[in-house]
Protein chains: 2
Amino acid sequence: MPRGNCQGQGWWHGKFRGCGYRLTTGREAILDLLSKSEGHLSAEDIYIKVHPRYPNVGLTTIYRTLDVLSNLGMVYKFDFGDGRARYELAEGPRGAHHHHHLVCTGCNRVIDYADFIDEEIELLQQTEKGLGKKYNFRINNHVIQFYGLCDKCNGKK
Amino acid sequence: MPRGNCQGQGWWHGKFRGCGYRLTTGREAILDLLSKSEGHLSAEDIYIKVHPRYPNVGLTTIYRTLDVLSNLGMVYKFDFGDGRARYELAEGPRGAHHHHHLVCTGCNRVIDYADFIDEEIELLQQTEKGLGKKYNFRINNHVIQFYGLCDKCNGKK
DNA sequence: TTGTTATTGAAAACCATTTCCATTAATAAG
DNA sequence: CTTATTAATGGAAATGGTTTTCAATAACAA
Ligand SMILES: [Mn+2]
Ligand SMILES: [Mn+2]
Ligand SMILES: [Zn+2]
Ligand SMILES: [Zn+2]
């Protein structure tokens with residue numbers, strides 16, 4: 001039962017099984033929620049949404065599942081500086097929904113943006129290639145975040 | 001005694017006083033250590049280095065000072081995914097030492113890199129301008145991190 | 001020197017996340 | 001459809017980085 005990198009195709013039923021993971025109610029519920037939710041959910045956010053419909057899915061399982069999904073590359077884990085991890089469905093490493101983040105240090109609002117993404121991606125690929133060679137580093141992910149104040153937080157005091 | 005953004009010039013004696021902060025032994029010790037240390041120190045790292053010479057500087061003060069320095073923009077606070085915040089002297093918002101990070105998810109090693117920085121900075125400035133206008137966002141910082149496996153962690157298993 | 005008050009250290013609280021462990025259930029074998 | 005194996009689970013407890021509390025201290029303006 002292989003457990004390592006299983007960057008296959010298709011949707012998660014196959015992906016999960018192919019990696020030797022069992023397909024449980026909790027995992028399905030969490031993936032289901034993630035796939036139909038917008039935004040950047042914390043483990044507790046997910047718990048609060050999943051628990052009413054599946055009362056026998058505990059917070060511990062949320063954490064464990066998110067960890068598995070993150071290792072499989074199906075979910076991205078972010079730190080936006082508000083003291084808890086936040087998660088977002090990946091939908092393919094370089095897939096259609098790839099975007100970066102604008103984080104307000106005033107109110108913790110996070111804006112997804114995809115403007116300039118093409119130029120950013122191109123530069124990133126160059127950089128990845130160069131750095132990978134120079135430092136003998138196998139890059140498989142990146143994070144770009146801009147920090148500042150959103151319009152609402154700009155005008156206060 | 002003003003407290004807000006004090007992005008003045010010069011070194012920290014003046015900067016601190018100009019922002020209404022008192023210049024204390026602890027703060028000087030912490031800044032002193034940061035300025036002569038390489039790498040990405042956690043609060044505890046700093047405590048361990050500072051405490052022997054200044055036994056009356058507690059961990060709480062380390063945290064509080066790092067928070068002040070971070071708010072003043074004199075120190076950058078990072079999350080590299082190892083469960084603790086790490087800090088690094090800024091030396092000017094776009095100063096000579098600006099660099100980005102390569103983070104090994106295997107052993108948590110962090111490599112500073114400044115290759116390709118010129119192209120990155122140019123793109124970032126364009127992006128900042130565009131995003132700032134589009135989302136009415138006052139950007140004053142950014143984080144770029146590449147995640148992957150370093151040479152040592154590549155060859156294991 | 002003196003008064004004001006920002007800063008401090010130690011201990012306790014906080015709280016997101018992890019660990020423990022006995023129980024349950026997904027899966028494969030028969 | 002059994003049955004056996006063992007991954008997965010959840011609730012409680014532990015963990016550990018960071019923050020809060022509060023009385024004592026010290027920086028600095030006057
Ligand atoms: Mn996003
Ligand atoms: Mn660095
Ligand atoms: Zn805001
Ligand atoms: Zn490594």
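Side chains included, hydrogens not; waters and symmetry mates left out as well; all remaining heavy atoms used. Given the structure is predicted, the values throughout are model-derived calculations rather than measurements. We name chains A, B, ... by the order of the sequence lines, and we start the count at 1 in each one.
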Taking atom P of C/dA6 as reference, at what distance in whole Å does atom CG of B/Asn71 sit? 17 Å
Distance check: side-chain N/O of B/Arg22 vs OP1/OP2 of C/dA6, anything under 4.0 Å? no
Residue-level proximity of residues 42-58 of chain B to DNA chain C when a heavy atom falls under 4.0 Å: B/Asn56, B/Val57, B/Gly58
Residue A/Tyr63, side-chain heavy atoms: nucleotide from C/dA26, D/dC28, C/dT17 that is nearest: C/dT17
Rounded to whole angstroms, how far apart are CG on A/Asp79 and P on D/dG17? 16 Å
Measure the distance from CZ on A/Phe16 to P on C/dA26 and round it to the nearest whole Å. 14 Å
Should A/Thr24 be listed as having a side-chain N or O under 4.0 Å from OP1 or OP2 of D/dT9? yes
Please find out if less than 6.0 Å separates the ring center of A/His101 from that of A/Phe146. no
First encountered from the 5' end of DNA chain D, between B/Leu23 and B/Leu59: B/Leu59
What is the separation between atom CD on B/Glu28 and atom P on C/dT8, rounded to the nearest whole Å? 11 Å
Nearest to the side chain of A/Thr25, heavy atoms from C-beta on, is which of C/dA26, D/dT18, C/dT17? C/dA26
Send over the distance from B/Arg86 CZ to D/dG17 P, rounded to a whole Å. 10 Å
Which part of the nucleic acid does A/Thr60 contact within heavy-atom distance under 4.0 Å: base, sugar-phosphate only, or nothing? base
Check the distance between C/dT8's P and B/Ile30's CD1 and give it to me in whole angstrom. 8 Å
CZ of A/Arg84 versus P of D/dT18: gap in Å, rounded? 15 Å
For the backbone of B/Gly148 and the side chain of B/Thr105, can you confirm whether one donor and one acceptor N or O come within less than 3.5 Å of each other? yes
For ring pair (Phe, Tyr, Trp, His ring centres under 6.0 Å), just list the numbers for A/His142 and B/His100, CA-CA rounded to whole Å, side-chain angles, deciding distance to a tenth of an Å, and then say yes or no. CA-CA 11 Å; A/His142 65 252; B/His100 295 152; over 10 Å; no
Mind calculating the distance between CG (A/Leu31) and P (D/dA8) to the nearest angstrom? 14 Å
With a 4.5 Å limit on heavy-atom distance, are the side chains of A/Arg86 and A/Asp82 in contact? yes
Check the pair A/Asp151 / A/Arg109 against salt bridge (charged side-chain N to carboxylate O under 4.0 Å, His left out), numbers first and verdict last. CA-CA 11 Å; A/Asp151 50 356; A/Arg109 190 154 67 106; 3.1 Å; yes
Heavy-atom neighbours of A/Glu119 CD exceed 12 at 6.0 Å: yes
Partners meeting side-chain contact (heavy atoms from CB on, under 4.5 Å) with B/Ile48 (sequence neighbours left out): B/Glu44
Side-chain N or O of A/Arg64 versus OP1/OP2 of D/dA8: is the shortest distance under 4.0 Å? no
Is the phosphate of D/dA8, meaning OP1 or OP2, less than 4.0 Å from a side-chain N or O of A/Arg27? yes
Classify A/Gly83 by what it touches in the nucleic acid, base, sugar-phosphate, or nothing, heavy-atom distance under 4.0 Å. sugar-phosphate
Classify the nucleic acid contact of A/Arg17 as base, sugar-phosphate or nothing, counting any heavy atom under 4.0 Å across all strands shown. sugar-phosphate
Restricting to non-hydrogen atoms, name the atom on B/Cys104 and the atom on B/Leu149 that form the minimum distance, rounded to 0.1 Å. SG-CA, 3.9 Å
